[in-house]
Structure formats: structure tokens, C-alpha cells
Amino acid sequence: MATCYFNLSVTIKLNHCHVAPFLVSFVFSKLYLEFMFNFLLQIQFAVAMPSFASLWNWACLWEEAKYEDGVKWKFLEHKGPHFPPEYQPLPDNVHFYYNGNIVKLSLAAEEVALFYAQMLDHEYTTKEVFRNNFFKDWRKEMTLEERMLITDLSKCDFGELHAMHVEKVEARKAMNKEDKLVIKEANQRIVDEYGFCMLDNHRERIGNFKIEPPGLFRGRGEHPKQGYLKKRIQPEDVIINCGKGSRVPEPPAGHRWKEVRYDNTVTWLASWTENVQGSCKYIMLNPSSKLKGEKDWEKYEVARRLKSCVDRIRLQYQQDLKSKQMVNRQRAVALYFIDVLALRAGNEKEEGETADTVGCCSLRVEHITLYDRLEGSDCVVEFDFLGKDCIRYYNKVPVTKRVFKNLKLFMENKEPGDDLFDRLNTGLLNKHLSSLMPGLTAKVFRTYNASITLQEQLRKLTAVTKLLSYNRANRAVAVLCNHQRAPPKTFDQSMANLQSKIEVRREQLTLAKSELTLAKKEVKGHCSDSKLLALVERKKKAVQRCEEQIMKMEVQATDREENKQIALGTSKLNYLDPRISIAWCKNMEVPLEKIYNKSQRDKFAWAVDMTQTDFIF
DNA sequence: TACCTGACTTAGGAGCGGAGTG
DNA sequence: CACTCCGCTCCTAAGTCAGGTA
């Protein structure tokens, strides 16, 4: 996808040190204008929520008996998953055409045709791979006669199906309030019935209680399987997991479950195997649940333990850069990247099954370029590869001489497509890490570096610009972790709108200024006329108002531009120990609602409960 | 040891609704 | 009142990692 290619050209200076925040200071010096603060104060954050009442007394829950090894719960009862509605056949006046002729499709073929028709506005349907995959799978759903007739996708006319879909979407948008309310209430009833479970005496929200509806597979990037049919899941495909002695959920009328099991060493309530990739899908609890909360807390505790031995580990891998064993040297360089650049581990992937993306251990020679000297720095490594979700990682990083020499060595006599770390894989790396500290894996470094960066930045930044400081720190972490987003579809348009608004205001300002000058002149003529004096005041105000509005809009434009391709949410939700933010809020007397929305507060309820102002990550 | 798979976390995008604005 | 914009929720793909198996 074209949208996957961004250029976040961040150059960082590493010198001889390891810590990621170098990146951060760069970002800070570059990104912001001081006056943005005023603006941010004005827009604030969304809605202030009513005072937060935690669902849990976490301090108390923490005292609840811990179960023996591997046991996740003692009691689990739920209603099973909610299934999507059955397919509704096309009305008689909507036709599919092949080669110009109306063809009445069988129900199965018609349903799949509609999946495609609904996506006609999407870029996917212009892609060769998508079209071919779709056509292949669609033909499998056809009857023999249909398959004999329909042999060429380009002769298919889905126009009427597409138009029907567009009409439906429009109609839904145009619905009146009452009808919308009816639908909303019906949805709420489904949530009430299926959206909760009982787990060890607590009523918990389920995260995804709905079975994924059928459709065409939408992989990310150049996915070789894009367009394949994602089949409708039947109760007969679903495994139910619940507690012995609980009420077993009823399958839909006329159906049975694939299996009912009672496994309390796992956290899922139901699972099925998805047909495109053959992987398992699960129904699990909401992040606000005790089970997930405890796990989250554990994750950050492991990262905090890393803090206490990270110096030792860094020393160790610096030593290993000189190792006689090639595998140890490769491990050391990989670890250096993971630590300093917050790269992901990079498991091997089956070729041809997924888009071609890499992480640290799976980097290939073609993904880095070495420069003895570049832009005033020695030993620069240029990274350019597609990471998770086909998000481009582009970075030019000065590294130590020793790392640089090793990289040269690793690249000797290799083709661009060869593995950079040919002796290394994530298993080996993680095995080594866990020997250095129990529970340590590659991804802990991301959590650790993200959280410590937030904490340091918050400490460094002045208290005067509270909220702005927080956002800056958050943004620094997002840059570190390479959390990007596609610029909103309407980005250029809305940017242009904003610019033209600014232009209009500028003209108004010019006008207002000249009117003011005129008014002032008149006053000079008849100095004591109170009406004229009032006019001058009015004109002054008008000028001032214009200037303020221009300033505000310019800040808005800058802010929007800076955030164009940076996503803050991912790090906030997954990498930043919430206790850092909560303690900061308390110390700075910033209401928590300014930082976390409702579901974030729910997710971090455990941290809200336990965090004192003196918390240090 | 390599390989496979299950379980769980991390990820960006779509779509919706409500607030702000003219 | 219509329209735009933006944050939130939902959705599900795509990672990580460990444990079992050949």
C-alpha cells in the first residue's frame, strides 16, 4: 500500500552511549513553538468525565490467593460468542451481469460477489493480487454451471450490487434520531447479553465477544493472500472454554459446538481456526479485567527489573562485540539495535505466506547501508526496511566503531537478500536474555526504553507547560518506537481549508488595520468626539481579534502537520507504565482525564489504585 | 535442533458520533 | 441548521514467545 511508505527522517547522535532519549532531544528542539501551549490550553482534551470510580479495589485483589502454576482462574461462565446475522439475498431488482447479461447467482456465490462489490471503492480492488485471489476463491463458491460461465473477472459487472450497498450506507446515515436510537438499543441488548462473563466471582467485560463476519481478507501491505475469502464461522467451528460446573453456553438453535472444554490454564472463552492463514482466533477479556490488568502490571514490573540490571547487560554486550564466536558478536550487535533503536525481535516468517516485513534478527543485508562518513558523523548506518504492519522504518544512525566494524564483517561476501545475522534467531537471543535476567526477552527493552524515556522527559520538561510537556514526551516515545499512521485521507484537503481560512483572516486583518488607521486620523481632527473614540476602540478590538485567530489557526496548522504521521495511542496503551503518568498527574495537579480517556482509565484502573506521588519507574 | 503451533500482546485503520463552527 | 473535524471504539491483522514434537 502506498500509504505505508513514510519518511520519518530522524537523525540521532549516539556517541558512545546506549540510551534512546538522544532521539528525543532532537525531536524536542525541532518540533515545537512555544506559543503552542496557549493553543493546547484552549483546546484541552475531550470531555471531562465524572469522577473515576475504580471497578476494583486492586490493592485488595492483589491479596487474593494466587493460583498454582499456570492456573488462570477457578470459575468461568459466559454466554458464548455472538454470531453475525445470516446473509440476506439480493432483492429481485438488483442484478449481477456477466458479459452484459443478467446472471442470477446461487446464494453462496452471490454473497461473495457482494463482498467484492462492497469494496469497489477501495484501493484493494485495483490490485492484481487481490483481484486474482478473490476470483479464485469466488469460483470455489460457484455452482458448476456458474463456474463454466464466469471465467473472467473483467467481464463481471457488480455495478448494481455496489450501488445498492452505497444506497444502504447513505440511508443509514440519513436515518432519523428515533430509528438510530432503536438500533443503538438493540446493540446494547446484545452487549448486555453476550458482552460480560463471570470470572472468579467478578463480572468482567469481554473484549471481542462477536465472531468475525465473513468477507474478503484484507492483509496489510503487499500481502500475498489479500482478497481470499474469509469464510463464515459456524458454531461447529467454535471451541468453547468455560469452568467445570458453570452453565455451558447454548449453541444457536439447530447447531452444536465443535467442542466444549474446561481449561483453566488459558484465558480465552472461545476459539476457532481462521481459514485464510490457518491461525487461531480467540475471544478474550477486555483490558479492564483483572486478568489482563495483572498481566499488564507484571509486564511493567519485568521492565523495572531490567532497569536495575541494564547497565550490566549493556556492558556485557559491549564486551561480546569482541567475542571470538561469530554468533555472540551477531547477538551483541542485534541487542545493541534492540536496546538503542527499540527494534522488534524479528521472528522468521514463512516466505509467501505474509507480506515481506522484518525485525531486528530477520534484517537482511539490503536493509542497511554503511557510511564511513555521512552528514558530519562517522560510522553511520542507514536503515530502510518494512516493519510490522508494513510500516517503513527509515533512520540514519551513527554507531560505535566496533559495531560498525562488525556490521562490515557480517556483510562480507553476502548478497543483498541474505540475512545480516545469519547465525542468530530470536530463540537464541531470548534464551541468552533470560539467562541474564529471569523473564527478560527482546520486547522488554521496548517497554523499558519507552517508559524510562517518558519518565526522563517528564522530569526534564518544565512544569509551566504541563499538558504540552506530556504530549511532547508521549510523542518522543512514539518516534522512538516508530509508531506511525497514514495521514488522514482528508489531510491535504483539510490542511488546504485551514490555509485558506488563514488567508481570509489575513485579508480581514489588513482591512481592519486600515480602518483603524482611518478612525485614528478622524479622531485627530475632532479630538473630543466620544463616538469616534469608541469607534477607534472597536477597530482596535477587531484587529486584535483577527490577530489572535490567525495565531490560533497557525498553531493548529503546525500541530496538525507535526502529528500527520505519528500515532500516540499505541505507546500510551502498550509501552508506557501508567504509574509514571498517574504520578505525574498527581504531582502536577493535572486531572487524569486530561491524559487518559474513559477506556484508558478503565484499563489502567490497577495503576490508578496503587500509584502514589513518589512512584519511580 | 529445527519446526510448528497455541496463546497472548501489539498494531493501524474504519467508521461513528458528538462537539465546534459559520 | 448543516458541515467539518476529531477523538473514541471497534475490528482484526500481525507481531512475540514458549512449549511440544519429530
Side-chain angles (χ1 to χ4, degrees), chain A residues 1 3-4 42-47 70 72 122 169 172-173 177 180 183-184 187 191 207-213 215 217-221 223 225-226 230 239 241 263 265-268 271 273-274 276-282 284-287 291-292 295-296 299 344-350 353-355 357-362 386-391 425-431 433-434 439-444 446-447 450 481-491 493-495 497-498 501 504 549 556 560 563 565 567-571 573-575 596-600:
Chain A
M1 241 184 306
T3 50
C4 287
Q42 283 170 40
I43 58 168
Q44 294 284 337
F45 278 77
V47 222
K72 305 284 169 53
H122 203 288
V169 171
R172 190 146 35 91
K173 267 189 210 155
K177 267 192 185 144
K180 276 186 181 167
I183 290 179
K184 205 175 161 187
N187 284 334
V191 174
N208 57 325
F209 55 87
K210 288 177 177 167
I211 296 275
E212 294 171 15
F217 179 73
R218 300 155 94 115
R220 314 244 168 96
H223 196 117
K225 298 195 171 183
Q226 63 188 109
K230 199 171 100 165
I239 303 172
N241 191 34
D263 185 354
T265 67
V266 295
T267 65
W268 51 269
S271 74
T273 304
E274 160 270 345
V276 176
Q277 322 228 53
S279 63
C280 300
K281 298 273 192 172
Y282 301 95
M284 288 186 185
L285 296 183
N286 186 274
L291 212 55
K292 294 278 190 193
K295 206 71 195 300
D296 212 30
K299 174 181 76 186
R344 296 187 184 82
N347 285 309
E348 292 110 302
K349 304 165 71 183
E350 217 172 327
E353 296 291 300
T354 60
T357 62
V358 295
C360 185
C361 293
S362 48
L386 294 183
K388 181 176 178 179
D389 291 322
C390 286
I391 297 294
N425 59 50
T426 54
L428 236 44
L429 178 65
N430 280 332
K431 223 168 159 190
L433 289 175
S434 74
L440 186 61
T441 63
K443 89 185 180 89
V444 178
R446 255 167 100 81
T447 313
C481 292
N482 201 36
H483 290 144
Q484 300 188 21
R485 59 169 187 164
K489 277 208 185 68
T490 55
F491 187 86
Q493 185 55 53
S494 81
M495 215 60 192
N497 287 349
L498 195 56
K501 265 194 206 169
V504 170
Q549 274 171 337
Q556 196 179 358
R560 214 186 280 174
N563 243 355
Q565 49 189 30
L568 300 183
T570 306
S571 53
L573 226 48
N574 299 301
Y575 288 104
Y596 288 144
N597 67 32
K598 179 77 172 81
S599 48
Q600 290 163 343

To the nearest Å, how far apart are A/N241 CG and B/dA7 P?
9 Å
Return the value, rounded to whole Å, for the distance between atom CG of A/D263 and atom P of B/dG6.
13 Å
Nearest-angstrom distance from the residue atom NE2 of A/H483 to P of C/dG15
13 Å
Can you check whether A/T570 has a side-chain N or O nearer than 4.0 Å to OP1 or OP2 of B/dG12?
yes
Separation of A/Q484 atom CD from B/dA11 atom P, in whole Å?
12 Å
Between its two end axes (five pairs each) the helix from B/dT1-C/dA22 to B/dG22-C/dC1 turns, nearest 10 degrees, through 10°
Please report the distance, rounded to the nearest Å, between CZ in A/R344 and C1' in C/dA14.
9 Å
Closest to the A/K299 side chain, choosing from B/dA11, B/dT10, B/dC8
B/dT10
Is the distance from OP1 or OP2 of B/dC8 to the nearest side-chain N or O of A/T267 less than 4.0 Å?
yes
Under 4.0 Å: is that the gap between some side-chain N or O of A/R172 and OP1 or OP2 of B/dC16?
yes
I want to check one thing: is the phosphate of B/dA14, taken as OP1 and OP2, less than 4.0 Å away from some side-chain N or O of A/H122?
yes
Only one of A/L428, A/L429, A/N425 passes side-chain contact (heavy atoms from CB on, under 4.5 Å) with A/C361; say which it is.
A/L429
Phosphate-side-chain proximity, A/T354 and C/dA14, N/O vs OP1/OP2 below 4.0 Å:
no
Is it the case that atom NZ in A/K431 sees more than 12 heavy atoms from other parts of the structure closer than 6.0 Å?
no
Nucleotide N/O to protein N/O under 3.5 Å, stretch nucleotides 17-20 of chain C:
unit_1	atom_1	unit_2	atom_2	d
C/dC17	OP1	A/T441	OG1	2.7
C/dC17	OP1	A/A442	N	3.3
C/dC17	OP1	A/K443	N	2.8
C/dC17	OP2	A/N430	ND2	3.1
C/dC17	O5'	A/N430	ND2	3.4

Any side-chain N or O of A/R446 under 4.0 Å from OP1/OP2 of B/dT9?
no
Nearest listed nucleotide, side chain of A/Y282, among B/dG13, B/dT10, B/dC8
B/dC8
Apply salt bridge (Lys or Arg N to Asp or Glu O under 4.0 Å) to A/K299 and list each qualifying residue two or more places apart in sequence or on a separate chain.
A/D296
Considering residues at least two apart in sequence or located in another chain, which fulfil the side chain to side chain contact (heavy atoms under 4.5 Å, CB included) criterion with A/N286?
A/R205, A/S288
Please round to the nearest 0.5 Å and tell me the distance separating atom CG of A/L285 and atom CG of A/N208.
9.5 Å
Could you check how far CG of A/N187 sits from P of C/dC8, rounded to whole Å?
21 Å
Please name all residues satisfying salt bridge (Lys or Arg N to Asp or Glu O under 4.0 Å) with A/K281, sequence neighbours left out, ordered by chain then number.
A/E212
All N/O contacts under 3.5 Å from nucleotides 9-13 of chain C to the protein, with atom names and distances to one decimal?
unit_1	atom_1	unit_2	atom_2	d
C/dT9	OP2	A/S599	OG	2.6
C/dA13	OP1	A/K230	NZ	3.1
C/dA13	OP2	A/K281	NZ	2.4
C/dA13	O4'	A/R220	NH2	3.4

What is the distance from NZ of A/K173 to P of B/dG18, rounded to the nearest Å?
16 Å
When you measure from the side-chain N and O atoms of A/K292 to the phosphate of B/dT9, is any distance below 4.0 Å, counting only OP1 and OP2?
yes
